[in-house]
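These notes are about the structure you will find just below.
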Amino acid sequence: MTADLTLAALRALAAQEWGLSIADARDLGSNEDRNVLLVLADGTRRLLKASHPGIAREELEAQGAALAHLAEAGAAVPRVHPTTAGEAMVMLDGGVHVRVLDFLEGEPARGARLPADLPAALGATAGGLAAALASFDHPGLADGGDWDLREAARVLEEAAPHLGEARAGELGVILREAQQQLLHVRHALRVQAIHGDLTADNVVVGPDGAISGVIDFGDLGRGWLAAEAAVVMCGLLQHDGPAVSDALEALAAFDRAMPLTRSEIAAVWPLVVSRAVVLAAAGERVLAEDPGNDYARVRRPLEDRMLERALSLGFDESELLLMQRLGRTAPVTFTGLTPMLTGLAHAPEVDLSVLGDAADGGAWMWRSWERDVLTATAGEGAAITRHGERRATPEAATARVPRSVALGIDVLVPAGTEIRSPGPGYAARWSRLGLALELESGLTVHLDRVATVIDADQEIVAGTLLARADGPFHVQLCVVPGLLPPETVTPEHADAWLELCPNPTPLLGRAIGASSRRAAGDLLEARDGSFATVQEHYYDVPPRIERGWRHHLLDTDGRGYLDMVNNVAILGHGEPRLADAVSRQLRRLNTNSRFHYAAVAELSEELAARAPEGLDTVLLVNSGSEAVDLAIRIARAATGREDVLALTEAYHGWTVGADAISTSLGDNPGALGSRPGWVHLLDAPNTYRGRHRGAEAGRYLDDALARLSALDEAGAALAGLVAEPIFGNGGGILLPDGYLAGLAAAVRARGGLVVSDEVQVSYGRLGAHFWGCEQQGVVPDVIAVAKAMGNGHPLGAVITTREIADAFAVEGSFFSSAGGSPVSCVVGSTVLRVLDEDGLQENARVVGALLADGMRALCSRFDALGEVHGMGLYLGLEVVAGGPDAPDPAAAREICEALLLEGVIVQPTGDHKNVLKIKPPLTIDAEAVGRFLGALERVMVRREAWAAL
């Protein structure tokens with residue numbers, strides 16, 4: 001007879017067998033066991049656990065004994081409560097065993113991003129348990145189960161028929177390589193009782209975020225002690241953040257609590273990889289056998305992420321990083337060593353960093369750029385690169401985290417320069433393309449790309465001629481004999497590697513200079529100390545961005561980011577034609593527009609020629625805020641009226657006038673309650689979230705006309721309407737067809753002017769249109785434009801008719817010191833020229849459509865992505881918690897933070913700060929679109945997985 005495992009039956013069983021007075025009971029989630037939370041009459045809580053029938057009684061008895069052993073050792077673990085008859089458990093029909101345990105208060109530490117101190121706490125907890133369990137044994141301890149990493153090969157073999165030939169082969173190759181690394185140490189690995197699954201899911205944390213207890217001892221058994229550490233580390237690899245560094249931090253804490261042997265340290269990372277393979281294989285096997293298993297389905301992307309990150313380190317590299325992190329490497333000494341060559345004492349250093357001038361014009365994207373810069377710097381003499389430098393590399397333009405940190409130095413000296421041994425040692429073996437010299441001091445010197453003159457496998461003394469230079473060569477030190485270290489590493493592991501590969505500068509006859517590198521965190525603290533914090537910055541922990549090229553941004557670690565938000569840099573970053581034009585003009589003249597020079601006439605003519613028909617007169621200013629402010633003043637002067645009509649959900653600028661008509665709650669939560677009396681508002685025609693949606697969107701115009709009639713009755717005399725033709729800060733929402741045309745006609749009928757705020761949506765960004773107003777089929781009376789107009793240079797304009805502009809003379813003369821300067825005018829003309837030369841408006845149309853289609857496809861897959869707004873390369877992506885009426889700003893922020901880890905920069909906008917604004921430089925191409933969509937897909941897949949667990 002099958003055991004009755006209904007909630008009512010289990011509650012009754014607990015009352016009968018354990019004599020508990022139960023006030024409430026409810027189910028808790030579990031993968032295999034049946035877990036029930038019991039709330040007793042006195043408020044005490046217990047956990048009733050009905051174990052899977054496949055678990056033998058002896059195993060459960062071993063778990064109970066282990067829990068008692070650990071509790072006696074002071075570990076925070078649940079106790080097993082005996083029945084009134086003194087039994088540890090009750091057996092039901094079908095082999096189901098029921099136990100009652102303490103319910104440990106707290107919450108599981110699961111989630112995409114763990115608190116910063118939790119990895120170390122997990123490691124310390126695992127190490128503490130392992131230390132306590134070292135003296136524990138029990139006949140019922142499981143030995144050789146599927147989660148015992150000694151059985152990894154068998155587990156994969158049994159899963160292989162369910163994985164498909166390609167996947168089984170891929171995992172097989174990975175596991176064999178990991179197992180090969182274990183061959184020489186597995187006989188020395190300690191075997192003992194281990195928890196077997198100590199991850200963030202199996203601890204609970206208190207209100208202070210500290211671990212308050214360990215739960216779920218279902219995987220308790222005998223296993224390698226090193227495997228216990230590997231399980232903790234592998235579990236951390238699924239989380240956001242610097243996961244590999246977190247894993248190393250956990251291992252260091254584990255080692256402090258339960259010191260590992262040298263052999264165990266060597267085994268840890270191969271076991272991390274083995275664990276990741278086993279999890280991936282087991283998960284895919286479950287899905288193949290049970291396609292409806294939701295737990296296995298949502299775990300799949302997280303298991304893929306663990307495996308990907310486990311493979312991000314080679315086995316040699318990982319072992320060295322572990323040794324360094326655990327303080328098991330030898331100290332460095334240069335005592336008694338002499339320089340290897342002469343002529344470098346005053347040789348110039350090559351700057352290959354993100355801040356270096358050599359990287360201008362996208363030069364860092366060329367594979368040969370480092371050698372080219374070294375050669376150019378040396379000329380007929382010598383030059384060297386910098387040890388530990390964070391370099392700009394071609395990898396920064398890809399989705400990969402670049403190996404941007406140099407562990408050695410590249411040297412260029414005149415051909416034939418002699419290179420001699422700095423001390424006694426042994427020419428042990430050939431390196432990559434040269435010689436590895438093991439010195440008696442403990443250092444190994446790697447000389448690569450040199451013409452060697454000695455044989456390998458011979459003893460040498462100080463001053464022995466080793467090689468002659470015949471071109472750029474590489475010098476690198478390592479404190480680990482027999483290791484061939486990489487020439488470059490990722491920033492995440494740079495500090496550890498730089499200890500393992502110290503600066504060879506003393507062996508080149510130079511003194512080590514003091515580092516001038518300022519950490520991004522230190523700079524942020526300095527910024528907040530002197531720069532008003534009301535001027536916000538992106539991200540909780542922002543990268544220090546110091547270089548851009550086209551649609552790429554680089555931080556000072558050499559990490560590249562795809563810029564999906566910078567609508568100011570319409571031509572892209574670092575545009576050399578613009579830089580050259582500015583430099584040339586600055587060397588010639590820069591003054592204000594009251595002087596007479598060609599550039600101001602040329603830019604004005606070009607703007608008037610591109611403006612909608614009839615708009616032929618230009619006024620130049622410094623910014624979009626000033627352009628909107630000036631447009632308001634012009635409308636008032638031309639009409640002799642003061643009142644202005646504006647829309648809600650709009651942002652127009654920060655000057656007094658522009659701010660007065662700005663209503664975006666995302667920028668100013670009190671905007672709607674603080675407008676001056678001369679501003680009259682219309683409801684934003686938000687077709688996604690507003691009052692009228694879908695086929696009803698045309699009613700917004702009816703509402704606007706009714707509002708105008710009410711203003712007529714109140715005696716309001718409008719100077720004009722100021723509106724964005726597409727909602728910019730609102731996330732790129734298009735106005736209903738005919739809305740702006742109908743509203744413009746009504747305003748003009750009342751003697752007002754129509755001002756189109758084109759600051760964000762003009763200059764071809766919409767693809768099909770150069771001006772935003774063209775999308776609505778409207779020719780305004782005044783256009784305000786900025787941002788893209790200067791590609792980041794402070795430049796804006798108001799374009800109107802000669803008659804309207806002349807009417808502004810009632811307020812006196814007007815000029816803008818920087819807006820109409822020769823430099824600003826040259827900037828404006830150059831931007832227009834490059835837009836045409838590079839076909840960027842057409843690129844916005846084609847690539848924008850590709851981008852929008854890709855995001856719509858993701859919207860159909862992920863409920864949290866609501867809708868795509870906009871056109872061309874001014875797009876917005878709604879993040880919602882169930883539909884238009886449930887904007888989700890918290891999720892939008894989390895998505896942006898997660899995308900940053902993927903190397904993509906996006907930010908939220910809108911009244912609710914829940915719309916991802918997608919407005920990249922117009923240089924963006926199909927490859928970058930694919931990179932963005934792939935990153936967004938990965939982030940959303942992982943979000944769904946975490947939400948479902």
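Values in this document were obtained by computation on a predicted structure and should not be read as measured data.
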**OP:** Run the numbers on R391 and T385 for side-chain hydrogen bond (donor to acceptor under 3.5 Å, both in side chains), then give the verdict.
**Re:** CA-CA 10 Å; R391 295 177 179 174; T385 62; 3.0 Å; yes

**OP:** Mind checking side chain to side chain contact (heavy atoms under 4.5 Å, CB included) for L933 and listing every partner two or more places apart, or none if nothing turns up?
**Re:** L851, M855, L858, V929

**OP:** Name all residues meeting the side chain to side chain contact (heavy atoms under 4.5 Å, CB included) criterion together with E499; count only those two or more places apart in sequence or in a different chain, and write none if there are none.
**Re:** Q324

Original post:
Between atom CG of L412 and atom OG1 of T417, what is the distance when rounded to the nearest 0.5 Å?
Top reply: 9.0 Å

Subject >> All side chain to side chain donor-acceptor pair (under 3.5 Å) counterparts of R833, not counting sequence neighbours >> reply: E837

**OP:** Walk me through it: do S404 and R559 pass the test side chain to side chain contact (heavy atoms under 4.5 Å, CB included)?
**Re:** CA-CA 8 Å; S404 57; R559 175 74 194 268; over 6 Å; no

**OP:** Output, in order, the C-alpha distance, side-chain angles, deciding distance and verdict of side chain to side chain contact (heavy atoms under 4.5 Å, CB included) for V827 and N791.
**Re:** CA-CA 8 Å; V827 166; N791 203 60; 5.6 Å; no

Test: [X] and [Y] ion pair at under 4.0 Å:
X: D360; Y: R547; result: yes
X: R113; Y: D540; result: no
X: R550; Y: E927; result: no

Subject >> R371/T375 under side-chain hydrogen bond (donor to acceptor under 3.5 Å, both in side chains): CA gap, chis, key distance, verdict >> reply: CA-CA 6 Å; R371 183 185 179 108; T375 303; 4.9 Å; no

Donor-acceptor side-chain pairing of [X] and [Y] below 3.5 angstrom:
X: S245; Y: E492; result: yes
X: D563; Y: H573; result: yes
X: S353; Y: R386; result: no
X: W269; Y: Q181; result: no

**OP:** Heavy atoms only: give me the nearest L237-A310 pair and the separation to one decimal.
**Re:** CD1-N, 3.7 Å

Original post:
In this structure, which one of L922, I918, L840, N567 forms a side-chain contact (heavy atoms from CB on, under 4.5 Å) with L873?
Top reply: L922

Subject >> Test log, rule side chain to side chain contact (heavy atoms under 4.5 Å, CB included), inputs D555 and R390 >> reply: CA-CA 10 Å; D555 69 17; R390 273 74 171 162; over 6 Å; no

